[in-house]
Amino acid sequence: MLEVEGLTARYGSIAALRGASLSVGSGEVVGLIGPNGAGKTTLLSTISGLMSPAEGCVTFEGHDITGHSPEKLLRSGVALVPEHRRIFADLTVEENLRIGGVTVPAAKRAELLDEMADRFPVLREKWDVSAGYLSGGEAQQLAIGRALMSAPRLLMMDEPSLGLAPLLVDLVFELIGTLREQGRTLLVVEQNAARMLAVADRAYVLRSGEVVASGTGAELSQQDDLFDTFVGHVMPANEGLPASGAHESRSAGGPTG
Ligand code: ATP
């Protein structure tokens with residue numbers, strides 16, 4: 001569905017991306033992990049048209065979308081849940097969702113609004129409340145709901161669990177799991193690498209603007225240096241890596257200590 005080839009992007013003289021390539025298949029959930037400043041946000045920004053690449057190309061469903069505007073991308077079926085949510089604080093929950101659906105026909109928008117009310121009960125309860133009054137977890141659900149309102153075929157999320165309390169982090173990963181079961185295609189940037197690997201089909205590791213590894217959680221776990229650097233340090237001491245079984249091959253002296 002998505003092919004990114006040799007993407008380079010710069011902020012002035014700083015190359016934040018250096019020839020990064022990745023692909024996302026239809027129905028796949030793909031994680032993008034890596035340390036702070038690795039270029040993860042820049043990669044999503046470049047795919048979604050918020051930044052223009054210096055080199056490289058982005059193909060979506062066989063069409064070259066390199067450098068297309070965010071609006072055009074949204075109409076093509078690519079939506080982004082941005083880092084820090086960026087909901088419209090002065091607008092109500094419903095208005096935020098309606099804006100998300102601005103590219104779909106009115107009848108479909110009404111149908112999607114009903115779907116969001118069912119999917120996010122906490123938002124239904126605050127339908128007419130200004131979004132600025134929402135808690136972090138509610139705001140994150142609204143940001144995801146707003147993106148889903150465009151009926152995207154590819155949904156990208158930038159650090160959806162960032163700054164949330166543990167229970168709400170669980171909620172975000174449950175939601176990613178549900179979207180996966182529903183056959184959605186997702187590309188998700190996450191600092192919480194262990195949780196992401198557990199729910200993703202595959203992941204890419206980005207470091208200093210370059211893709212340095214990719215594979216399933218189990219495959220990445222075989223690369224001890226990468227695993228310890230990008231997964232181990234964020235894994236709580238009493239928690240293993242679920243689902244993929246990636247941690248099972250590791251000794252007790254692995255990243256969990
Ligand atoms: P984080 O996890 O901290 O969000 P990231 O992997 O998403 O990091 P980016 O935000 O894409 O990384 O940043 C990649 C590099 O580009 C970093 O060196 C960062 O300092 C730099 N950078 C990001 N935004 C800008 C900007 N607006 N102007 C100049 N440099 C920037």
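Just follow the structure's listing: the first ligand is 1, and inside any ligand the first atom is 1. This structure is a prediction, so every number in the text was calculated from the model and none was measured.
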Exercise for the section: Could I get the full list of salt bridge (charged side-chain N to carboxylate O under 4.0 Å, His left out) partners for Arg119, not counting sequence neighbours? Expected result: Glu115
Practice task
Report the residues that fulfil salt bridge (charged side-chain N to carboxylate O under 4.0 Å, His left out) with Arg98, sequence neighbours left out, ordered by chain and then residue number.
Solution key: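 Testing Arg98 for salt bridge (charged side-chain N to carboxylate O under 4.0 Å, His left out), a comparison that skips the adjacent residues, returns Glu94.
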For each nitrogen or oxygen atom of ligand 1, which protein N/O atoms lie closer than 3.5 Å, and how far apart are they, rounded to 0.1 Å?
residue: ligand 1; atom: 2 (O); partner: Asn36; partner atom: OD1; Å: 3.3
residue: ligand 1; atom: 2 (O); partner: Lys40; partner atom: NZ; Å: 3.1
residue: ligand 1; atom: 2 (O); partner: Glu159; partner atom: OE2; Å: 3.4
residue: ligand 1; atom: 2 (O); partner: Gln191; partner atom: NE2; Å: 2.9
residue: ligand 1; atom: 3 (O); partner: Asn36; partner atom: OD1; Å: 3.4
residue: ligand 1; atom: 4 (O); partner: Glu83; partner atom: OE2; Å: 3.3
residue: ligand 1; atom: 6 (O); partner: Ala38; partner atom: N; Å: 3.0
residue: ligand 1; atom: 6 (O); partner: Gly39; partner atom: N; Å: 2.9
residue: ligand 1; atom: 6 (O); partner: Lys40; partner atom: N; Å: 2.9
residue: ligand 1; atom: 6 (O); partner: Lys40; partner atom: NZ; Å: 2.8
residue: ligand 1; atom: 7 (O); partner: Thr41; partner atom: N; Å: 2.8
residue: ligand 1; atom: 7 (O); partner: Thr41; partner atom: OG1; Å: 2.9
residue: ligand 1; atom: 8 (O); partner: Gly37; partner atom: N; Å: 2.8
residue: ligand 1; atom: 11 (O); partner: Thr42; partner atom: N; Å: 2.9
residue: ligand 1; atom: 11 (O); partner: Thr42; partner atom: OG1; Å: 2.5
residue: ligand 1; atom: 12 (O); partner: Gly39; partner atom: N; Å: 3.1

Exercise for the section: Ignoring hydrogens and angles, tell me if any N or O in the side chain of Arg195 forms a donor-acceptor pair with the backbone of Glu190 under 3.5 Å. Expected result: no
Exercise for the section: Quick one: name the residues clustered hydrophobically with Leu74, using the 4.5 Å side-chain heavy-atom rule over I, L, V, M, F, W, Y, and just say none if it's on its own. Expected result: none
Practice task
Would you indicate whether Arg86, at its atom CZ, is surrounded by more than 12 heavy atoms from other residues, nucleotides or ligands within a distance under 6.0 Å?
Solution key: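 No - once you tally the heavy atoms of other residues, nucleotides and ligands closer than 6.0 Å, there are 12 at most.
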Problem - Between Glu83 and Thr41, a side-chain donor and acceptor under 3.5 Å - result: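 Judged by distance alone, the side chains do pair up.
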